[in-house]
Amino acid sequence: MTVARAASAQYDDVQSIEHVYPLVRSSRQLDDVIAEIEHAPGIVLYTLVDTELVEHLEQAARQQGVPCVNILSPVFSVFQSYLNVRVTGRAGGQHQLDAEYFDRIEALNFTMLHDDGQIPNDLDEAEVVLLGVSRTSKTPTCIYLANRGIKAANIPIVPDLPLPPQLFRVRKAMVVAVIASVERIQQVRQNRILSLNAGGFGNETYVDRRMIAREIATTRKLCAENGWPVIDVTRRSIEETAAEILSLYRAHKAALVKSIAD
């Protein structure tokens, strides 16, 4: 469909009418499509991979006198010549639900249940535990990691509020903290207050530079005492932060495996 739109856009005086038939997997489904084409003929672009269905469609197109193009054919040719492997012909292969897909779903469910310090009792079931003060993008970073199949929990560091004791007993999970500059955190928090229209009592401390600096210092001290890495996310996108966490996690996992082997 995207290819058809891109091509038709090159013709100023042509207004195309699209007829889309997804998930055609059987001869009966294809016969219904062919009947529709006969009723409203036009250029046929297809991505079928089943050879019998392809032959059936192309034969019908010849009989109806309409052009019929396999838009995957040149792509398959390049892949086959470069990779030197045969096409599997597996219909809907990009939609197959494999083990990796279910791992991502499981990771996402775990991450959402363990957002913002919830359910700390099973923290060691996580693969990554992310610490950080308010407004350092802990939740979106964890969701990004979950979409990569990583079970991630995040715990906020709040002034004068003790961290869950389970955090200090984790052995398998990698604990990592995120911080940002005072200026960056203050700006994000001020924007947050404005968006919520919450300018009431108590927010002065939340955006106070000295208090933010204290929170950052507390985070650094906590991580230094426990040997946890710290990532400054001031100038990092969520993707860049997640990439750094994944790199640290791979090293952590390798060290964990080595210690078990020893």
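Everything numeric in this text was worked out from a predicted model, so none of it was measured.
In this structure, V128 is not a member of the same hydrophobic cluster as L123, with clusters built from ILVMFWY side-chain heavy atoms closer than 4.5 Å. In the hydrophobic clustering of ILVMFWY residues, with side-chain heavy atoms under 4.5 Å counting as a link, L131 and M112 come out apart. No single ILVMFWY cluster, assembled from side-chain heavy atoms under 4.5 Å apart, contains both I216 and M211. Criterion: ILVMFWY side-chain heavy atoms under 4.5 Å apart, direct or through other members. Under it, V133 and V233 are not part of a common hydrophobic cluster.
For F110, the ring pair (Phe, Tyr, Trp, His ring centres under 6.0 Å) test picks out H114, with sequence neighbours left out. For S26, the side-chain contact (heavy atoms from CB on, under 4.5 Å) partners are R28, Q29, not counting sequence neighbours. For Y11, there are no ring pair (Phe, Tyr, Trp, His ring centres under 6.0 Å) partners, not counting sequence neighbours. Partners of T234 by side-chain hydrogen bond (donor to acceptor under 3.5 Å, both in side chains), not counting sequence neighbours, listed by chain and number: D232. Scanning for side-chain hydrogen bond (donor to acceptor under 3.5 Å, both in side chains) contacts around S134 gives Y206, with sequence neighbours left out. Residues passing the side-chain contact (heavy atoms from CB on, under 4.5 Å) test with E36, sequence neighbours excluded: Y21.
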Quick one: side chains of residues 242-258, donor-acceptor pairs under 3.5 Å with protein atoms, not counting sequence neighbours, listed by atom name and distance.
{"unit_1": "Y249", "atom_1": "OH", "unit_2": "E127", "atom_2": "OE2", "d": "3.1"}
{"unit_1": "H252", "atom_1": "NE2", "unit_2": "K172", "atom_2": "O", "d": "2.8"}
{"unit_1": "K258", "atom_1": "NZ", "unit_2": "D262", "atom_2": "OD2", "d": "3.2"}

Can you give the donor-acceptor pairs under 3.5 Å from side chains of residues 55-62 to other protein atoms, not counting sequence neighbours?
{"unit_1": "H56", "atom_1": "NE2", "unit_2": "D31", "atom_2": "OD1", "d": "2.7"}
{"unit_1": "E58", "atom_1": "OE2", "unit_2": "Y46", "atom_2": "OH", "d": "2.5"}

Cut-off 3.5 Å, no hydrogens considered: what does the side-chain donor-acceptor table look like for residues 149-162, sequence neighbours left out?
{"unit_1": "K151", "atom_1": "NZ", "unit_2": "E106", "atom_2": "OE2", "d": "3.1"}
{"unit_1": "N154", "atom_1": "OD1", "unit_2": "D116", "atom_2": "N", "d": "3.1"}
{"unit_1": "N154", "atom_1": "ND2", "unit_2": "D115", "atom_2": "OD1", "d": "2.6"}
{"unit_1": "D160", "atom_1": "OD1", "unit_2": "R214", "atom_2": "NH2", "d": "2.9"}

Which side-chain N or O atoms in residues 174-188 pair as donor and acceptor under 3.5 Å with protein atoms at least two apart or in another chain?
{"unit_1": "S181", "atom_1": "OG", "unit_2": "R184", "atom_2": "N", "d": "3.1"}
{"unit_1": "E183", "atom_1": "OE2", "unit_2": "R209", "atom_2": "NH2", "d": "3.0"}
{"unit_1": "Q186", "atom_1": "NE2", "unit_2": "V207", "atom_2": "O", "d": "3.0"}

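Between R171 and E125 there is no salt bridge, since no side-chain N of the basic residue sits under 4.0 Å from a carboxylate O of the acidic one.
Summarising the geometry, atom CD1 belonging to I37 is positioned 11.0 Å from atom CG belonging to D32; distances are rounded to the nearest 0.5 Å.
Checked against E215 for a salt bridge (charged side-chain N to carboxylate O under 4.0 Å, His left out), the options R210, R220, K221, R189 give a single hit: R189.
Pairs of residues two or more places apart, or lying in two chains, never qualify as salt bridge (Lys or Arg N to Asp or Glu O under 4.0 Å) while including a residue from residues 131-148. For the ring-ring contact (aromatic ring centres under 6.0 Å, His included) condition, the pairs that include at least one residue of residues 126-177, sequence neighbours left out, are F168-W228.
At distances below 3.5 Å, at least one donor-acceptor pair connects side-chain atoms of S195 with backbone N or O atoms of R192.
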